[in-house]
Every structure is written in structure tokens, then in C-alpha cells.
Amino acid sequence: MADWEVDDDDVEGLEEFDDLYKEDDAEEAVEVAEEAADAGPQVDISKITSSAERNILSKRNRIWSVHAVLRPRRALPHDASDDWVERYFPEHLADFANPKLNREALGALQSCAQKKELQNFVVHGPRGAGKTAACLAFLRGFAADDGSAKSKRSRGKKAKQQRASGGAYPTLRLSSADAKTAGDLEKKLKAFVREAERVNGEGSTKFVVLDGIDSLTPHAQQGVYHNMISYDKTVGFLFTALNKDRIIDKFAKRCAILPMRRLDKGDALGVFLNVASRERVGYEHRGAVMLFEHAKAGRGELGRAVRSLQRVFAKWEYASYVNVCKEFAPDAFNAKRKIAAKAALGDPIDRCAVCTLRPPCQHVSEQELATRGLARRAQLPERDDSIDCTNFVKCGSCRVFNEFGHCSLDHPSTLHCVVLPPHRCPQCTLVWPCQHCSFSGSRNRLIESCTLVAQWVPHYRDDRPTLDVAAKKHESVADVVVDLDALDGAVDDLVARVAAAEAFIAGTMCIDEAVYRKRRKEVHDDHDAITSKIGKFLPEQPPLNDDGKFAFPPDPLRLALEYLLKLGESPPAKDDGPKKKAGIPKQRRREIKSELWQEVVGVVTVSSAAAMLSPRIDPSTLVVHARELRTTRAERHRAWCAKADAESRLASLSAECQKLRRRDVARVKALRSTLRLLEIANEGKVAAERAAREHKAAARRASARSRVAGGGARDAAPGRCRDLEARCASLEDALRRKEHREQVLERALGAAEDGGLALRLAEETVKTRRLALELDGALGELRKARADAFATQEKLDETRRAVALLSGDGPAPAAAPSPKYARRPPAAPPPPPPAADDSPEPRGREVRAPPPPTPPRGVGFDAAGTPGRASARPPRGALRTPSSAASSPASVGTYSAYGRDPALHTIDDEGDDEPDEEAFGQIEFGVRAAASPKPLDATGTLSLEELAGLVI
């Protein structure tokens, strides 16, 4: 027996010692219970899942192993034509995945199927929610015989025969394309009902399923609704829709609206993989994920994903990632594969000879590895007569070449897109630029300066013509020469410096702040030199007034080019076009045109008569006179426009005066309220002084009473007396300080009030003077416009008198002023034509009138039409006869070419000058009539009848 074994005989007689260890055993049991309570419930480790296992798209998720395809099959001919989506619709409403998600819709359909009562439904929801599947499952449930008494009584004997024959009720399935018009739908319904009643008898139950009713127009939906009412007793209608808001409200009266939601991602993926496993479609994990989620394949919708799977299987027989890319994303499949530059070295890369680690390490950087990989890639052989190396195509490296130094396959260098590693900061080893080290700020400022200069140079090129204008203006004023060619050369040097700085930034990993600051200073120095040269020949900026405004408007060239003096400034906004001038009212335009027409017709008539009566007067002189008359009219029009502008400006100034007056009234009210507040403050101050004086007097009286009390009281309470004296002294000091502070505040308040009032008075005085100057200028312009108008009217009157003198009727009376300034008397009626003469016209050869005598040199015609000595300058209003003027057809022909002369233009409805073709026609007709040869009588003059006919 071993030493540690105890015999049973030895244990006998030891029961008396059990009580010695009972307390220890109890304490040990309590400790064990506490440890068990602190440990908590036991956790089953087998139920713990990782994040990858919870991700349904991960290969480690359990759903992929459950629905794995063990024995894939090859595609059959009918796989391309069958509809896998409807093949795997749930047979019954209870077979839907996650029925709790659509409990309301499925419950309503199940209840109606059990009651065997016809009812109309509108099932709406997103794509892939199972709307059509729910409708078809409802039809199968409605036709099923569940053995209930109501099912046996439903539709009587014909219903039993119908269920026994086909197992389902007659159903018509339509899409939105079949019901675009009410007529088409009605024809199809009539044919369907007629055929169903022929087979199953009259009154048999029938169903119509219409998908996508929300895609129909409201008019087409109205036709569907009327057909539904017509066949409501024997036909049940089931509608599906994506958006219930696009359905007319009438359907809610006759149909039950049932919402359905799309399955969760995990449930939908489970149904998708279940279809693949039941059809024994071989798939790759990446290919199945792409089929389910790609935008051109499944989009996460169950129906689209199943149809995409069927399409790939019927064409490629295997749903791999490559086959899916070929079918739905050929661009991504044909794109070059991205290969790292170091991939040509193979995997794994040889260890570092210094630290024995796999590069990159401290001794071999990523850049060095990329350089080695590119060199190895350049050594790979390219053989056009051989196939591609599979390892090189897939990984970018050739295992045979890396091991033996040669390979007999082709390695095309253009097959991959080689990706170089990013540059890293030498200080912090972050990707360059790191934006972490201290030099990053200087580098960013240099980049910003280069960007601003690159934006400034095109503005300089665009405004180069404006700079030429400013330079020429400065040369004419200052008598200096501005060399703009040198300025262009400086700009080219600045562009070159910026290009060098950008190349330095892009190609160098510099970590020295001084280098960046130096380059930035060089760029700014060059720009400052250019702007200083530009600022020398720009017009100076006007000084500022006290209110911060310019004393006079700055020069337009300064405003247009001032932004070039700073970096980052944008050019001023340019006007779209010239401002529209003050127009003339339409009624006034009509009056001016009528007056002009009357005067032109009068001038033409007078000129024709004068030319026929007095052969010495040249008709071309009258045409020139008509042009002068038109010029006078244009001047009067311009004077009227100037007056209108002056009046409008006067009105605007008056409005500004009223605005300033209202502002002054408001300021006066504010000053009055301020004075009232000051009075209230003064009253408070006086009351405070009075209270202080009373308090001071009370303190003095208390001090006197304490002194009168004598030494006995002082001996009795010396401490109290000292306290009272100290308190009185402190109160006096406080009172003095308060009085001093109030005096200082009063002086400061008075100074502030005086300064504010003086400042306001100065501002009002300056504004009043400026307004007065503007008013004086406007009134001066108005007086000038009136004077111009009166002068123009006088010139017009003199012209009319000259025309009257030329006509031979004697001096014309003075014409009344223009209706714009004075009332004009009504025009006199034209004189009646002369009486017709009964004497016959002479027959035979026509006798032409002799040409008018040519006056000798230095002799002209006076105002009355008689020849005389021509003065150096004719009197005002007289007509000057040209030296070569002759009343001949040739000369008349030359004057007819003046039909487009701008002096005889009229004013159209927009206020623009346009030639009056009718007036020129009248003038040309009168001149030709005056110059054409006419038959004369025996005395060599025209007869009265001919004169009257010509005048008429």
C-alpha cells in the first residue's frame, strides 16, 4: 500500500474532528458559488460567426455551401426558350419566402381564395417583390378544392366540371402594351369571355391578370375601369403596378389595394441560388455575385437575376466571372489588366541580402523594385509565331524565364497596364505630396501663385488692345514713349518662369522650404515689375472725399484695366450693349413725321413753280435748300431730346432732394429723442447730487453729535466713535470721487455731442452744396437746350422766307414759332390753279426756251433773284448759286442720284432716321418737271394752262 493511501480502519474514530473543518468547507462552497455567478452563463463557441460569415456575398457564408451545385449539367435547346422565372414561382401563397414581410397582402389573397368569392385586387410594389407570382398563386388557391362545404357549393356543377377538366379557372394574362386603348382591351375581353363561356358554360368564373396598369395613360385606365364594371359579376380582375400614385382614384372603389415589399438581400440571394442548384447550373462565386448585383444584369432584383442566369447558361453553359463579363460587361472584360511594375520579378521576390527580409525593406525601396521589374519585363522575349505565355498573361511574370533565363512562348509587352508605385515623402514616408511635413505649406503657396499667374496671363492677352489705347493716351499727355513690346517680352519671361516652377513641382521631391520660397518670390517679383510698368501709364485714380467716395468719376480705362495690377482679380463685367437713349413718345413721332412731310411737299411745289417761272433759278439749289431744311429739322429734334434728358435728370434730382429731406426729418427726430434722453440723464444726475448732499449733511450731523457727547461717551465707546469717523471719511471720499467722475463724464458727453452735431452739420452742408451744384448744371443744360431750340426755329423761319423770296411772291411774313414753344397758326390753303386758256397750242416743230443767261464772273443773284455783284459771303438766308449750275437734263440727272441723301431722312417709330422715299420721289419729280423742255408760246414763255398743269 502506498504512503498516501489511507486504510478504512484508520479512519474510524475520527468523526469527532469533522466539526473542526465544517466552517472551512462552508466558506469554500460560498467562494465556488460566487465564482460561478461572476462567470455568467456558458457561451456556445460553435454559434459565434465572423463578419465574413455574416456577409451574404462572402464565400464563407453558409448560404453558398447549402446551395452548392455538385453535378452541373450542359445546356439543352429548350433552356433558351423556357421561362425559369415563372417555372419557379411559388405554388401556393404559403410557400413564399419570408411571408411575414408581406403578411397583409398574402393574408388578404389567402382569405379571398378560401372564401371563393370574386374580388378585384391591385397589387403594387417595387420590381422583384413577387406581385405577379402572388396573383398566380392566388388563382391556384382559388381553384383548389379544400374539401369545405363552401368549396363544394361554389359555382355549382359547372365549377366542378371546370376544376375537374383543367384544374384551374380560365385566365387571361395581359400586359400594359395589350391595353393601350380601351377598344383593344374590349375586343380581347369579349373574345376571351365568349370562348370561356362556350367551353365552360354561361356564368362561369373567369380571371384577368393585367401587369403594369400604372404605365397606362389616365384615358386608357378609364377604359379598363369601365370594362371591369361591365364584367364584374363573372370576371375577377387582378392588376399589378409599380407606383399606386399613378393609378386613377376610381380603382380604389372597386378594388382592394395590397402593398408588397421586395425580399431582403439574403432571402433573394437564397432563392436565386436555389434556382441555380435545381437547374444544376454550374457557377463561380464571383460570377454569381456579378449576376445578382451588376447594374446590367440583376441589379439586386430576383426576376432579373434569374433571367440573367438563364441567358448566360444557355449561351456559355457555365456562369463564371469571365463568361458573365463577356455577356454583360464586355468593355470591362476587354480592358487591359493592371499589373504592378514589380510583378515581372515573380512571386515571391528574393530576400534582401542585408536584412534577409522580403522587399520592400529598409535597403530596397518600392521604386527600386519597380525599376527592376520594368527591366525584367523588357528582357522577356516576344514571338509572333508562338502562343502567349499563360503565366505572363495572368500574373505579368514568366516563371520559366525567371528560373532558366529563356522561354519559347510569346510575351506581348502591350498586354498589360503597368502601374508604378506612388512616390513617398523622404521625411515621413507618406504618399507624395504628404501634406504633413513643414515644407508642404511653402509648396502649396508656390502652386497657388503659379495658378494665379496662369489665370492672369490670358486676361492680359485679351486686354492688350485696351492697353495700347491707354499707352497712346499717356504718350499724348505726358510726352513720353511707352514700350509695350518690352512689356510683352516680360510677360513671356513670366510665363516661362511659371512653367519652370510647375515642372520643378511635378518632377522633384524637394523638402527644402527655402527653395519653394525663392521660386515663389521670383514669380511675384516678375509680376510686380510688369504691374508697375502698367500702372505708370494708366490714368491716375481720383482722390477720395471725407465720406470715402471719389471726388470725381474715375477714368473708364482705369476701371477697365485696374484688375491687372493684382493677382486673383477678375475682369470687370462688360456691358452687353449701348444703353438705350431716351425715346420720343409715339404720338410726338407721328406729329414730327406729318410736319416734315408737309414742309417737304411745300418745298417741292415751290421749287417746281419757281423753276418754271424763273429760268434763272437752278433747281439743284432748291434741292440743296431742302437738305438744309431737313438738317434744321434734325437739329430741332436733337434739341428736343436734350431737353427731355434734362427734364428727366431734373426729375431724378428732385426725387433725390425729397429723399434727403425725409432723411433730414428722421435725423432731426433722432436728435430730439437724444436731447430728451440727455435731459432725463441730467435730472437723474441732479437727484443723485441732492441725495449725496443730504447723506453728507447727515454724516456731518452725526459726527457733531458724537463730539458734543463729550469725553465720557468717548471713553465709554471709543471704538464706536472711531468707526463712525472712519465711515464718514470714507463716505466723503466716495462722494468726491463720484462728483469727479460725473464731471468727467459730463465733459466727455458734451464734447461728443458737439463733435457729433458738427459732423452731421458738415455732412449735410456738403451734400446740400453738391446737390445745388448738380441742380445748377441741370438748369444750365436746360437753358442751353431751349436756346438751341429757339436758334433752330429762327433758322427755319429764315429758310422759309428765302424760299418765299425765290418764288417771286415778295417777302414772306415771319413764321410763328414751333408748336413745341408757341402756338402755330393754321397753314393757309394752297392757291387755286390758274384758269385754263382756250387758245390752241401751236402746231409744228416745238420751240424750246432759250437757256438761262450765265452771269459774268463775279456776278450772282441777290435775295430777290436779280443779278448783281456777288459778295464774298451771301447774307444769312440767301441761296448761293453754284458756278457750274445749268438747267440742263444732264445736271438734273446728276441731282436725281441724291435720292439717298441723309439730309432728307425722316424719323421712324423707333426714333431712328430713315430715308423718306416718297418725299424724295416728289422732289425728283418736281426737279425733272422744271428742267424738261416744254412747248413755249410766241414770247418764249409758258402758257398759263401749262403752268397750272405743271403746278398741279
Side-chain angles (χ1 to χ4, degrees), residues 36-70 72 88 96-103 125-130 260-309 312 318-325 327-329 332-333 335 337-340 342-343 347-349 357-358 360 366 394-396 419 421-422 424 429-431 436:
D38 294 339
Q42 295 294 329
V43 179
D44 188 4
I45 301 177
S46 62
K47 296 182 179 180
I48 299 177
T49 58
S50 63
S51 60
E53 292 174 348
R54 290 192 296 271
N55 184 12
I56 61 171
L57 299 180
S58 175
K59 189 185 295 186
R60 298 179 60 184
N61 193 286
R62 185 172 176 271
I63 193 174
W64 296 93
S65 60
V66 170
H67 298 287
V69 180
L70 301 179
Y88 293 99
F96 272 76
N98 195 4
K100 295 182 180 180
L101 187 65
N102 298 309
R103 181 183 303 171
R127 297 182 185 275
M260 291 194 71
R261 286 177 287 179
R262 185 184 296 175
L263 289 175
D264 297 337
K265 200 172 185 179
D267 297 333
L269 182 61
V271 175
F272 171 73
L273 295 179
N274 183 33
V275 172
S277 63
R278 292 177 66 178
E279 288 290 338
R280 294 170 54 193
V281 176
Y283 62 84
E284 189 182 23
H285 175 261
R286 291 180 62 192
V289 171
M290 187 174 182
L291 277 174
F292 186 75
E293 283 205 326
H294 196 267
K296 294 183 179 180
R299 296 184 187 174
E301 302 172 9
L302 183 57
R304 289 178 60 94
V306 172
R307 288 192 174 92
S308 301
L309 175 66
V312 172
Y318 187 72
S320 64
Y321 178 76
V322 174
N323 292 337
V324 175
C325 288
E327 188 66 24
F328 295 102
F333 177 74
R337 178 176 294 182
K338 293 183 179 180
I339 298 294
K342 65 180 181 179
D347 190 21
I349 303 176
L357 295 176
R358 296 286 183 187
E366 290 185 355
K394 185 177 181 180
C395 304
V419 180
R424 295 187 177 274
T429 68
L430 294 178
V431 177
H436 173 265

- prompt: Which is it for V322 and C325 under the side chain to side chain contact (heavy atoms under 4.5 Å, CB included) test, yes or no, and what are the steps along the way?
  reply: CA-CA 5 Å; V322 174; C325 288; 5.7 Å; no
task: Evaluate the criterion side chain to side chain contact (heavy atoms under 4.5 Å, CB included) for residue pair F328 and S308; output intermediate values, then yes/no.
output: CA-CA 9 Å; F328 295 102; S308 301; 3.6 Å; yes
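Put simply, the side chain of V281 does not reach to within 4.5 Å of the side chain of V69, judged on heavy atoms. No side-chain heavy atom of Y321 sits less than 4.5 Å from a side-chain heavy atom of Y283. Side-chain atoms of F272 and V306, non-hydrogen and from C-beta on, do get closer than 4.5 Å to each other. Looking only at side-chain heavy atoms (C-beta outward), P72 and R280 stay at 4.5 Å or farther from each other. Considering only heavy atoms from C-beta on, L273 stays 4.5 Å or farther from F292 through its side chain. For the pair E327 and K296, the minimum side-chain heavy-atom distance is 4.5 Å or more.
Residues satisfying the salt bridge (charged side-chain N to carboxylate O under 4.0 Å, His left out) test with E284, not counting sequence neighbours, are none. Residues satisfying the ring-ring contact (aromatic ring centres under 6.0 Å, His included) test with H436, not counting sequence neighbours, are none.
E293 pairs with exactly one of R304, R299, K265, R286 by the salt bridge (charged side-chain N to carboxylate O under 4.0 Å, His left out) rule, that one being K265. Of the listed residues (I63, I56, N98), just one forms a side chain to side chain contact (heavy atoms under 4.5 Å, CB included) with D267, and that residue is N98.
Within the 3.5 Å criterion, the main-chain N or O of V324 finds no donor-acceptor partner in the side chain of H294. Side chain of R261 to backbone of N102: no donor-acceptor contact under 3.5 angstrom is found. Judged purely by atom type and a 3.5 angstrom limit, E301 has no side-chain atom pairing as donor or acceptor with the backbone of G298. Remark: side-chain polar atoms of R358 are paired, donor with acceptor, to backbone N or O of I349 under 3.5 angstrom. A donor-acceptor pair under 3.5 Å is formed between the side chain of N55 and the backbone N or O of L57.
Counted by atom type alone, N61 and S58 present zero donor-acceptor pairs between their side chains at under 3.5 Å.
Here the closest non-hydrogen pair linking R337 and K394 is NH1-O, 2.7 Å.
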